[in-house]
Number of protein chains: 4
Amino acid sequence: MSTGATPTERPLRRDAARNRELLVEAAATVFAEQGLDAGVDEVARVAGVGVGTLYRRFPTKDALIDALVQDLLTSVVAAGREALARADGTGLESFLAYAAEHQARRRGCLPRLWAGDEVTEGLRREFRVVAAELLADAQAHGRVRGDLTSQDVSVVLWSIRGVIETTKDVAPDAWRRHLELLVIGLRPSDVRLSSPSLTADQAQRVTTPAPRPR
Amino acid sequence: MSTGATPTERPLRRDAARNRELLVEAAATVFAEQGLDAGVDEVARVAGVGVGTLYRRFPTKDALIDALVQDLLTSVVAAGREALARADGTGLESFLAYAAEHQARRRGCLPRLWAGDEVTEGLRREFRVVAAELLADAQAHGRVRGDLTSQDVSVVLWSIRGVIETTKDVAPDAWRRHLELLVIGLRPSDVRLSSPSLTADQAQRVTTPAPRPR
Amino acid sequence: MSTGATPTERPLRRDAARNRELLVEAAATVFAEQGLDAGVDEVARVAGVGVGTLYRRFPTKDALIDALVQDLLTSVVAAGREALARADGTGLESFLAYAAEHQARRRGCLPRLWAGDEVTEGLRREFRVVAAELLADAQAHGRVRGDLTSQDVSVVLWSIRGVIETTKDVAPDAWRRHLELLVIGLRPSDVRLSSPSLTADQAQRVTTPAPRPR
Amino acid sequence: MSTGATPTERPLRRDAARNRELLVEAAATVFAEQGLDAGVDEVARVAGVGVGTLYRRFPTKDALIDALVQDLLTSVVAAGREALARADGTGLESFLAYAAEHQARRRGCLPRLWAGDEVTEGLRREFRVVAAELLADAQAHGRVRGDLTSQDVSVVLWSIRGVIETTKDVAPDAWRRHLELLVIGLRPSDVRLSSPSLTADQAQRVTTPAPRPR
DNA sequence: AATGAATGAGTGTTCATTCAT
DNA sequence: TATGAATGAACACTCATTCAT
């Protein structure tokens, strides 16, 4: 009756949503600058709200970090699906660039991106599915080596994580050249690979932490 | 070699050296398993000594971490010098493998390897010098692209850091295949690189943190 | 009786009174189940209103607790006056049973019943007056020992508080047998009491807390 | 060799034990004065040590409270056993006085004495056993009613808890007269009791809290 | 010299109270 | 007026570092 159909209504909810947004942005900034050990008080301060507000939106600090991870994985997976739609074999490459770009933009949560809570594991599973499909497409079009596995796609992003975390703000684009060189390395070639790929099982265990170490 | 020839004269020094060794090993293990946030008590416990002893050898926790970093950088630089001696163009590749191997073995200190204290900066400078020389040698022998810079060599190791930190114990060798693919990408090729390399200045600033943000 | 005859004129007052009632009931329930440390949010939730409404009716959490205490003391005092009217010496006993019953029903506020705010102290004074009169009546009819003081009557209820708080929901009627035994102990007897009664002054100080320890 | 047989040795341990004692005493004092909601900082301050020291001896605040409860229950049970040794029917009465005295001396932990953690439940079980034996002895010697149950013995102490908690420091001996009157009420008498005793099962459930309400 | 007990600033989290909507 | 989002002081607990033994 009153909540209606117009998306501009619901007064308090609007502020609340705004605060949530502010908090996620603040967390991204603060964690990017100081690492995940930064205090929640600092995050709240940067967001311009009290700690209590932070805890109203996110039950724990972990949940706040997970929110960053979810945002990131969600957009990465979505980008993967879009790239897949082209089905011309180039999807994998643009997907990698896109995913790298987003990792760089949200580097605050990188230590938890590939080894986070159970809550985000579902998204990582989706990521693996999309990555496998993009790889198959790229291989079908002869754009990458046939002996690559979908786990190799994950490893590419993990390696970019290392570049991003090391270069931080000093050279936030350093990953671009690295990815270019790496993509060249992925192209079909006569050179044999002597090291085996990760197994699918290993890849899953990497991102599925022991159920709370206590 | 240098610790003298009088074996019976400085017994305490020997004990002290032994304790230092035990502590560094314990720190490597504990930090590898639990991250740098692991407590110093845990390190002391694993080393089989009291915290007081730890603090006698290392004035702060940071100094202990720096010791790990120093060990690692020292052996990496030494390996680089050896590889350089061959002067047949293959030194760079074996150096990368060697450095990667050691990063994996001492992964506990990776978050501080390329961005540590001023005390370790000298070693990183040495690393950059050796890397530049190895690159020049490899380029002279036509084994890698001519447009690579010595900063690109650093980036390779940073990317491997990401792989190691993500795969941890689940797949401690995952970096090998990654390095193989990456080395293929470094080979001379017709493909132009569109992204610029880091400048030497940037590379230095990356590894030289602001003098304690306090 | 007193809330007036014009039903359409003061609708808000009625709603307000209803909300007040809901809140007091909710507080009684919640505090009984979880103790006085239960949060005000929980009380508001159970009452079906927002916290803001709670704070409109009661300026502080303490005031809400005091309201419970007032309710309880008011009905206990009223019951005492009624019992006194019989003037047959049995009033004291039925009064004790009545007061115990109400303490059990409102056990949520017991920690503050006999040591609450200044606001409720007036009612406790009235309680002491009635208790003294009931005791005198009972003694006049030879139903209880002549060496009892009105403070002893208070102590009976304090002891019942202990039974109620310990047995909680598991045995909400445990106090009945305790009171029976205690009343037997109050009957005239040849046995001398070796411990003195509380003085009236002590009894008053017990229930009059220092003016906010701050 | 060095720890020897003389009880005056073991340097650090002595201080540690002393600190433990100081902390328990401080906790008793502070909780008695301010209730169990008093902060651990306050307890540490009164003990003259840092919070860290408190947490070295007691893993949680709950454990500190449990230590108080254990001390109290242990001495109460021991006193019960001694009283039982007399086997002349008077043990129950002196036991009740002794237990009451100790409840008064350690009143800080009363809210957790009869409903504490699982860790202290064993002692409460021992208490129930001793109480039952003392009651049987007293009944055998005709000093108390034959229709009393061992649960009634517990209830006596719960009622004394109420008196102690209400009178606090203002009248720390008020429980003595209450106990005298109550004991008179326990003597053999022609008066029937119309209310049933707690069952043994109820008595146990009263003191065995739900396994952590979460 | 070695030990580990002691320290206390700092962290994540809660909750009575206020206030914009 | 009713709501519940926002607030921040206060709490339990941790951990790098110091120091008495």
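Naming convention: chains lettered A, B, ... in sequence-line order (proteins, then strands); numbering from 1 in each chain.
Closest-nucleotide positions on DNA chain F for D:P59 and C:V51 were compared, and the one nearer the 5' end corresponds to C:V51. Where A:D37 and C:L36 meet DNA chain E, the nucleotide closest to each residue was compared, and A:D37 sits on the side nearer the 5' end. For the pair D:T53 and A:A38, nearest-nucleotide mapping onto DNA chain E gives the more 5' position to D:T53.
Here the nucleotide nearest the side chain of C:Y55, chosen from E:dG12, E:dT18, F:dT1, is E:dT18. You'll find that the side chain of A:T60 is closest to E:dT13, out of F:dA2, F:dA16, E:dT13. Checking E:dA9, E:dT7, E:dA2 against the side-chain heavy atoms of D:V49 singles out E:dT7 as nearest. Candidate nucleotides E:dG12, F:dC13, E:dA16 were compared by shortest atom distance to the side chain of A:K61, and E:dG12 ranks first. Considering only the side chain of D:R57, E:dA6 comes nearest among E:dT14, E:dA6, F:dG4. For D:D41, the side-chain atoms get nearest to F:dC13 when compared with the rest of F:dC13, F:dT17, F:dT1.
Nucleotide E:dT14 holds its C1' atom 14 Å from the CD atom of C:Q34, rounded to whole Å. Going from atom CG of D:L54 over to atom P of F:dC11 covers 14 Å, rounded to whole Å. Separating the CG atom of B:L23 from the C1' atom of E:dA1 is a distance of 14 Å, rounded to the nearest angstrom. One atom, CD of C:E42, and another, P of E:dA16, lie 11 Å apart when rounded to the nearest Å. If you take CZ of C:R18 and P of F:dA2, they are 14 Å apart, rounded to a whole angstrom. Whole-Å rounding puts the B:F58 CZ to E:dA2 P distance at 13 Å. Note: CG (B:D62) to P (F:dC15) measures 16 Å, nearest angstrom. D:R20 has its CZ atom 18 Å from the C1' atom of E:dG4, to the nearest Å.
Among the protein residues, B:V40 comes within range of the nucleic acid bases, having at least one heavy atom under 4.0 Å from a base atom. Across all strands shown, A:G52 has heavy atoms under 4.0 Å from base atoms, whether or not it also approaches the sugar-phosphate.
For E:dA2, the OP1/OP2 oxygens have a side-chain nitrogen or oxygen of B:N19 closer than 4.0 Å. The phosphate of F:dT1 (OP1 or OP2) has a side-chain N or O of C:R56 nearer than 4.0 angstrom.
Judged by distance alone, with hydrogens and angles left aside, the side-chain atoms of B:R106 form no donor-acceptor pair with the main-chain N or O of B:L72 at under 3.5 Å.
Of all nucleotides present, only F:dC11 satisfies the Watson-Crick or G-U wobble test against E:dG12, with each distance under 3.5 Å. Look at E:dT21: its Watson-Crick or wobble partner, with both distances under 3.5 angstrom, is F:dA2.
Contact annotation: the side chain of C:V24 approaches that of C:F58 to within less than 4.5 Å [non-hydrogen atoms, C-beta and beyond]. Counting heavy atoms from C-beta outward, A:K168 and A:E33 have side chains that stay 4.5 Å or more apart.
Under 4.0 Å is where a charged nitrogen must lie from a carboxylate oxygen, and between A:E21 and A:R18 no such pair does.
One side chain, D:E121 or D:T208, offers a donor N or O that lies under 3.5 Å from an acceptor on the other.
The minimum heavy-atom distance between D:L64 and D:V43, with the atom names listed, is CD2-CG1, 4.1 Å.
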